[in-house]
Protein chains: 2
Amino acid sequence: MSSGYSLGTVEVSSSPQERFADFLQSKGKRITQQRRILIDFVFKRHDHFDAEELILNLAQVPEGRKVSRPTVYRTLNELVDSGLLRRMNLRGRAIYEHDYGYPQHDHLHCTMCDKLIEFQSSELSDLLRAVAAEYDFRDTGHRLIISGICSACSATRHRRQTPLDLV
Amino acid sequence: MSSGYSLGTVEVSSSPQERFADFLQSKGKRITQQRRILIDFVFKRHDHFDAEELILNLAQVPEGRKVSRPTVYRTLNELVDSGLLRRMNLRGRAIYEHDYGYPQHDHLHCTMCDKLIEFQSSELSDLLRAVAAEYDFRDTGHRLIISGICSACSATRHRRQTPLDLV
DNA sequence: CTTTATGCAAATATTTTGCATATAG
DNA sequence: CTATATGCAAAATATTTGCATAAAG
């Protein structure tokens, strides 16, 4: 076993905890009990989640009850700034996912069951890079969500009401 | 001049007004003064806009003042449902654009000046279709936004504060 | 006339903020 | 000790909804 932090598929040089600590230090911010609780929570249990889910999960353990709602929101912003989390918008609210030690990927979003399926495509990255270049655009990232109906939902014909907005 | 409704680049068989009327009829909804005002407004002046902008613009003419805020929101939803408008999410709020007689396209979003640049790529469409197929996913559309700094902003080094969320 | 739409005010949902107190360094 | 963080309550933002009245068909 290496000294690296294992993510199952990827091995990186430091844990999210360490990276967050570095980020905070570099900004003159403090490593508080709440921030420690939050980063542990976020990197232990969740894949895709929103603020409300996180808050509900926190409420289920004594440790978690030490963190207030505003602090959750404030810290989620810091985690995004630090590059540890990636934020996207689904049905009008922010959804977060790990963005550390994770390969770049995009999503298929099932509008029936709300499931997110990740996929990777280097062809896609190349294509987007080329598009940006064509417009002299300094590309700092992208969000792509393909909406539709996943195979499971296609089979079961479960209906869902709100088509509403994607992405 | 043909009997078609001209959009500058594209020529389509009926006007947005007609299409909206058809949509409303098909749903047993009524063609009201407010809906008429709104569709005229939306298809005369705007390209990318949000609800607030539209409401401010409406407030500037007597005609527009006949339409209340809730009706604007309700009608925007109908316009999206009818396929006349496309909705996306930028910095947490809904942005609308014409989606009728318009070729499918995606966007580059400058996070400095907030400008949206449209681009088209058939390669991209093909690629996304292939991805969806690979997952037995019934693709009903996608949203793609490449974030970054446009050439103008790269030149002028105008700074902007909030990096915040994309898409 | 009957049903759908509108406007108003209020509600909802999500996220942010001011300020007094607590705590990290 | 001093500056930053937290919690609380409240504000801000964006959008939706209940209900009485107005208007379309």
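No experiment lies behind these values; they were computed from the predicted model shown. Below, chains carry the letters A, B, ... as their sequence lines are ordered, and counting in each starts from 1.
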- Message: Tell me which one of Lys115(A), Glu97(A), Arg143(A) satisfies side-chain hydrogen bond (donor to acceptor under 3.5 Å, both in side chains) with His107(A).
- Response: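 Output: one option passes, namely Glu97(A).
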Check the distance between [N]'s [atom2] and [X]'s [atom1] and give it to me in whole angstrom.
| X | N | atom1 | atom2 | value |
| --- | --- | --- | --- | --- |
| Leu90(B) | dT13(D) | CG | P | 18 Å |
| Glu53(A) | dT14(C) | CD | C1' | 14 Å |
| Lys66(B) | dT21(D) | NZ | P | 23 Å |
| Arg87(A) | dT14(C) | CZ | P | 15 Å |
| Leu76(A) | dT14(C) | CG | P | 14 Å |
| Leu58(B) | dT6(C) | CG | P | 13 Å |
| Ile37(B) | dT6(C) | CD1 | C1' | 12 Å |
| Leu24(B) | dA5(C) | CG | P | 8 Å |

- Message: Both Glu78(A) and Pro70(B) contact DNA chain D. Which one's nearest nucleotide lies toward the 5' end?
- Response: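 Final value for this comparison: Glu78(A).
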- Considering heavy-atom distances to DNA chain D, does Arg69(B) or Arg36(B) have its closest nucleotide positioned more toward the 5' end?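 Closest to the 5' end, via its nearest nucleotide, is Arg69(B).
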Electrostatic pair [X]-[Y], nearest N-O below 4.0 angstrom:
| X | Y | result |
| --- | --- | --- |
| Glu63(A) | Arg36(A) | no |
| Lys27(B) | Asp81(B) | no |
| Lys29(B) | Glu78(B) | yes |

Choose from [options] the nucleotide whose nearest atom is closest to any side-chain atom of [X].
| X | options | value |
| --- | --- | --- |
| Thr71(B) | dT6(C), dA9(C), dT15(C) | dT6(C) |
| Ala94(A) | dC8(D), dT15(C), dT6(D) | dT15(C) |
| Ile31(B) | dG25(D), dA5(D), dC8(C) | dG25(D) |
| Lys29(B) | dT17(D), dA5(C), dC8(D) | dA5(C) |

- Looking at every strand, decide which applies to Lys27(B) at a 4.0 Å heavy-atom threshold: base, sugar-phosphate, or nothing.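 Counting heavy atoms under 4.0 Å across all strands, no contact is made by Lys27(B).
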- Query: When all nucleic acid strands are considered with a 4.0 Å heavy-atom cut-off, which category describes Arg74(B): base, sugar-phosphate, or nothing?
  - Reply: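 Here Arg74(B) touches the bases of the nucleic acid.
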Check whether any side-chain N or O of [X] sits under 4.0 Å from OP1 or OP2 of [N], and answer yes or no.
| X | N | value |
| --- | --- | --- |
| Asn77(A) | dT16(C) | yes |
| Thr32(A) | dT6(D) | yes |
| Gln34(B) | dG7(C) | yes |
| Tyr73(B) | dT15(D) | yes |
| Arg93(A) | dT15(C) | no |

- Kindly determine whether Tyr96(A) and His48(A) satisfy ring pair (Phe, Tyr, Trp, His ring centres under 6.0 Å), including the steps that lead there. CA-CA 6 Å; Tyr96(A) 300 86; His48(A) 296 104; over 10 Å; no
- Task: Report whether Phe43(A) and Val61(A) are members of the same hydrophobic cluster (ILVMFWY, side-chain heavy atoms less than 4.5 Å apart, transitive linking).
- Result: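 Looking at the clustering, Val61(A) is in the same group as Phe43(A).
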- Message: Go nucleotide by nucleotide along DNA chain C from the 5' end; which of Arg65(B) and Arg30(B) gets its closest nucleotide reached first?
- Response: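 Result: Arg30(B).
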